A.B. asks: 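Take this structure first; my questions come after.
To find a chain, count down the sequence lines: A is the first, B the second, and so on, and within it residues start at 1. Everything quoted here is computed from the prediction, not taken from an experiment.
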There are 2 protein chains.
Amino acid sequence: MTEIELNPTVKRFVLHWGEMGTRWGINRTVAQIHALLYLSERPLHAEEIAQALSVARSNVSGSLRELQGWGIVRVVHVLGDRRDHFESLTDVWEMFRIIVEERKRREVDPTVSMLRGCLQEPPAKESKYVHARLSEMTEFFETMLSFYEDARHVSPKALRQFVKMRAGMSLLIPKKGKAK
Amino acid sequence: MTEIELNPTVKRFVLHWGEMGTRWGINRTVAQIHALLYLSERPLHAEEIAQALSVARSNVSGSLRELQGWGIVRVVHVLGDRRDHFESLTDVWEMFRIIVEERKRREVDPTVSMLRGCLQEPPAKESKYVHARLSEMTEFFETMLSFYEDARHVSPKALRQFVKMRAGMSLLIPKKGKAK
DNA sequence: CAGTAATTTCAGTAAATACTGAAATGACAG
DNA sequence: CTGTCATTTCAGTATTTACTGAAATTACTG
C-alpha cells in the first residue's frame with residue numbers, strides 16, 4: 001500500500017538490472033528482486049520486497065524460489081521473527097561463477113547432447129554439408145567446454161588474478177614471434 | 001503452402017536453436033532462420049525460408065533484418081534472380097566473436113555507464129553499503145572488460161589456439177607452486 | 001514509363017509470458 | 001487443538017511480445 005520509497009540510486013540500479021535480465025532471458029521481476037537484495041544491507045522478507053517493487057506478494061514468492069534455484073539468494077532467519085528473510089550473495093565473482101555454471105548445465109550441455117545426436121545419424125542420410133557444419137559447431141562447443149573445465153579446476157583466487165592481470169592474454173599466446 | 005519438408009536432422013537443429021535463442025533473449029524465429037541458413041549449402045531467399053519454417057513472409061523479412069544487424073547473416077545475389085538471397089557466416093568462432101562483441105556493445109557497456117553514474121552520486125546520499133556493493137560490481141565489470149579488450153587484440157588464430165590448448169589454464173596461473 | 005516482382009511497413013490479432021488476488025496449505029504459539 | 005500469521009498454489013487476467021496478411025513502397029524490366 002504505502003509505497004516504501006527506494007533510494008534513487010538503488011531504484012536506478014534495480015530498474016536497469018531488471019531490463020538487463022529480460023535481455024538475457026531472465027524474468028524482469030526476478031532480476032529486480034535480485035538487484036534489491038544485492039544492495040540491501042540486511043535480509044528482507046517477502047512483504048518488504050513486494051512493497052519496495054510494487055508487485056504482488058505471490059509474485060515475489062515465486063521469484064524468490066527461482067533465485068534460490070539459481071543459488072544466488074538464500075533464506076535466513078531473524079530472531080523473534082517467524083517470516084523468512086532473504087539475502088543475496090555479495091561476492092560478484094562468485095555470483096558470476098554460479099550463473100555461468102547453471103547456464104552451462106541448463107542450456108549448453110543439452111545443446112551439446114543434441115549436436116552429438118545429430119552427428120549420430122547415418123552420415124549418408126543428411127548431406128555432407130550439413131554434417132560438416134554440425135561437426136564444426138560441435139567441436140566449437142566441446143573446445144569451449146573443456147576450456148571451461150580446465151578453468152574450473154583452478155582456484156577461484158588464481159582465476160581472478162589471471163583475469164585481472166592486464167595484458168594477460170598477450171603474454172600467454174603460444175610460441176614464436178609476437179602475436180599480431 | 002506446400003510444406004517444404006526439412007531434413008530431420010536440420011529440423012532438429014533448427015528447433016533446438018530456436019529454443020536456445022529464446023532462453024538467451026533472442027526471438028525464436030530469428031534464431032531458427034539463423035540455424036537454417038547456417039546449415040544451408042546455398043543462400044536462400046526469403047520465400048524459401050518462410051516456407052521451410054512455416055512463418056509469414058513479412059516475419060522472415062524483419063528477422064533477416066535483425067540477423068543482418070547482428071552481422072552474422074548477409075545478403076548475396078544470384079545471377080539471373082532479382083530476389084535477395086541470404087547466407088550465414090560459416091565460421092563458428094567468428095560468429096561467436098561477433099555475438100560477444102555485439103552483446104557487449106548493446107548490454108554490457110550501458111550497464112557500466114549506469115554503474116559509473118550511480119557511483120557519481122554524492123556518496124553521503126546513499127548508504128555506505130550501497131556504495132560498496134556498486135563499487136564491487138563496477139570493478140568486476142571493468143576487470144572483465146579490460147580482459148576482453150586484451151583478448152581482442154590477440155589474433156583470432158592465436159586466441160583459438162589458446163582456448164584449444166588443453167590444460168591451458170592451469171599452466172598460466174601466476175607464480176609460485178602449482179595452483180590448488 | 002508502364003508493368004511486375006520483391007520487399008517492407010504496419011495495423012490488427014494471436015500467442016506467450018508475467019502477474020494478481022483469493023483460497024488452500026503449512027507452521028508455529030499459546 | 002485452535003487461532004494466527006506466513007507462504008504457496010492456481011485460475012483468471014493483464015501485459016508484452018511475436019506474427020500475420022493486406023497495402024504501400026521500392027526496385028527492376030522491357
Side-chain angles (χ1 to χ4, degrees), chain A residues 1 3 14-15 17-37 43-70 73-87 106, chain B residues 1-3 14-15 17-37 43-70 73-87 106-107:
Chain A
M1 221 88 299
E3 271 283 321
V14 165
L15 291 175
W17 209 240
E19 289 318 304
M20 281 309 105
T22 62
R23 290 181 178 246
W24 291 85
I26 307 293
N27 173 289
R28 178 179 286 113
T29 304
V30 170
Q32 286 180 347
I33 292 176
H34 174 244
L36 182 66
L37 291 175
L44 304 177
H45 60 260
E47 187 60 33
E48 284 178 301
I49 297 170
Q51 287 181 357
L53 302 180
S54 310
V55 295
R57 178 66 187 70
S58 58
N59 191 4
V60 172
S61 178
S63 299
L64 282 169
R65 180 165 290 279
E66 184 161 351
L67 284 166
Q68 292 177 85
W70 280 91
V73 161
R74 64 185 159 215
V75 65
V76 293
H77 286 100
V78 172
L79 280 168
D81 192 335
R82 284 164 59 179
R83 294 168 295 189
D84 289 344
H85 289 61
F86 301 88
E87 65 181 13
R106 300 179 188 194
Chain B
M1 217 90 301
T2 17
E3 270 284 322
V14 165
L15 290 175
W17 209 240
E19 289 317 305
M20 281 309 105
T22 62
R23 290 181 179 247
W24 291 86
I26 308 293
N27 174 289
R28 179 179 284 110
T29 305
V30 170
Q32 287 179 348
I33 292 175
H34 173 244
L36 182 66
L37 291 176
L44 304 177
H45 60 260
E47 186 60 32
E48 283 177 302
I49 297 170
Q51 287 181 357
L53 301 180
S54 309
V55 294
R57 178 67 186 71
S58 57
N59 191 5
V60 171
S61 177
S63 300
L64 282 169
R65 179 163 291 278
E66 183 161 350
L67 284 165
Q68 289 174 272
W70 280 89
V73 161
R74 62 184 160 217
V75 66
V76 294
H77 286 102
V78 172
L79 280 168
D81 192 334
R82 285 166 58 178
R83 294 169 294 189
D84 289 344
H85 289 62
F86 301 87
E87 65 182 12
R106 299 180 188 196
E107 289 139 18

A.B. asks: Compare all side-chain heavy atoms of Leu64(A) with those of Ile49(A) and state whether any distance is below 4.5 angstrom.
C.D. replies: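 Answer yes - side chains close enough.
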A.B. asks: In whole angstrom, what separates Leu53(B)'s CG from dA18(D)'s P?
C.D. replies: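 Rounded to whole Å, this separation is 16 Å.
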A.B. asks: Partners of Glu66(B) by salt bridge (charged side-chain N to carboxylate O under 4.0 Å, His left out), sequence neighbours excluded?
C.D. replies: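 So Glu66(B) forms no salt bridge (charged side-chain N to carboxylate O under 4.0 Å, His left out) with any residue.
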A.B. asks: Would you jot down, in residue-number order, the residues of residues 63-70 of chain B having a non-hydrogen atom under 4.0 Å from DNA chain D?
C.D. replies: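 Those residues: none at all.
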A.B. asks: List in chain and number order the residues that pass salt bridge (charged side-chain N to carboxylate O under 4.0 Å, His left out) with Arg82(A), two or more places apart in sequence or in another chain; answer none if no residue qualifies.
C.D. replies: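 Residues passing salt bridge (charged side-chain N to carboxylate O under 4.0 Å, His left out) with Arg82(A): none at all.
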A.B. asks: How many Å lie between CG on Asp81(B) and C1' on dT4(C), as a whole number?
C.D. replies: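 Answer to the nearest Å: 15 Å.
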A.B. asks: Whole-Å distance between dT17(C) C1' and Asn27(A) CG?
C.D. replies: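 Answer to the nearest Å: 9 Å.
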A.B. asks: OP1 or OP2 of dT8(C) sitting under 4.0 Å from any side-chain N/O of Ser61(B)?
C.D. replies: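 Affirmative; the distance criterion is met.
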A.B. asks: Expressed as a whole number of angstroms, how long is the span from Ile33(B):CD1 to dC19(D):C1'?
C.D. replies: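 After rounding, the gap between these two atoms is 12 Å.
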A.B. asks: For a quick test of reading the model, state the closest non-hydrogen atom pair linking Leu15(B) to Gln32(B) and the distance between them.
C.D. replies: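 The answer is CD2-NE2, 3.9 Å.
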A.B. asks: Please enumerate all residues that pass salt bridge (charged side-chain N to carboxylate O under 4.0 Å, His left out) together with Arg74(A), with sequence neighbours excluded.
C.D. replies: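 Partners of Arg74(A) by the salt bridge (charged side-chain N to carboxylate O under 4.0 Å, His left out) criterion, ordered by chain and then number, come out as Glu87(A).
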A.B. asks: Between the side chain of Gln51(B) and the main-chain N/O of Glu48(B), is any donor-acceptor distance below 3.5 Å?
C.D. replies: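 No; judged by distance alone, with no hydrogens or angles, the pair does not exist.
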A.B. asks: Can you measure from CZ (Arg106(B)) to CE (Met20(A)) and round to the nearest 0.5 angstrom?
C.D. replies: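 Those atoms lie 12.0 Å apart.
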A.B. asks: Please state how far atom CD1 in Ile49(A) lies from atom P in dA6(D), giving the value in whole angstrom units.
C.D. replies: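 Rounding to the nearest Å, CD1 of Ile49(A) and P of dA6(D) are 14 Å apart.
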A.B. asks: Excluding sequence neighbours, so at least two apart, what forms salt bridge (charged side-chain N to carboxylate O under 4.0 Å, His left out) with Arg65(B)?
C.D. replies: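 For Arg65(B), no residue satisfies salt bridge (charged side-chain N to carboxylate O under 4.0 Å, His left out) once neighbours in sequence are set aside.
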A.B. asks: Provide, to the nearest angstrom, the distance between the CD atom belonging to Glu47(A) and the P atom belonging to dA6(D).
C.D. replies: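 To the nearest whole Å, that distance equals 9 Å.
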A.B. asks: Any chance you could list the contact pattern along nucleotides 21-30 of chain D? Use B for base contacts, S for sugar-phosphate-only contacts and - for none, protein heavy atoms under 4.0 Å, 5' to 3'.
C.D. replies: B-----BBS-
A.B. asks: Specify the separation, in whole Å, of atom CZ of Arg23(B) and atom C1' of dA16(C).
C.D. replies: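 Value for this atom pair: 15 Å.
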A.B. asks: Quick one: on DNA chain D, does Ala46(A) or Thr29(B) contact a more 5' nucleotide (nearest heavy atom)?
C.D. replies: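 Its nearest nucleotide lies further toward 5', so the answer is Ala46(A).
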A.B. asks: Round to a whole Å and report the spacing from CD of Gln51(A) to P of dA6(D).
C.D. replies: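 Result: 12 Å.
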A.B. asks: Heavy atoms, side chains only, cut-off 4.5 Å: are His77(A) and His85(A) in contact?
C.D. replies: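 No, every pair of side-chain atoms sits at 4.5 Å or beyond.
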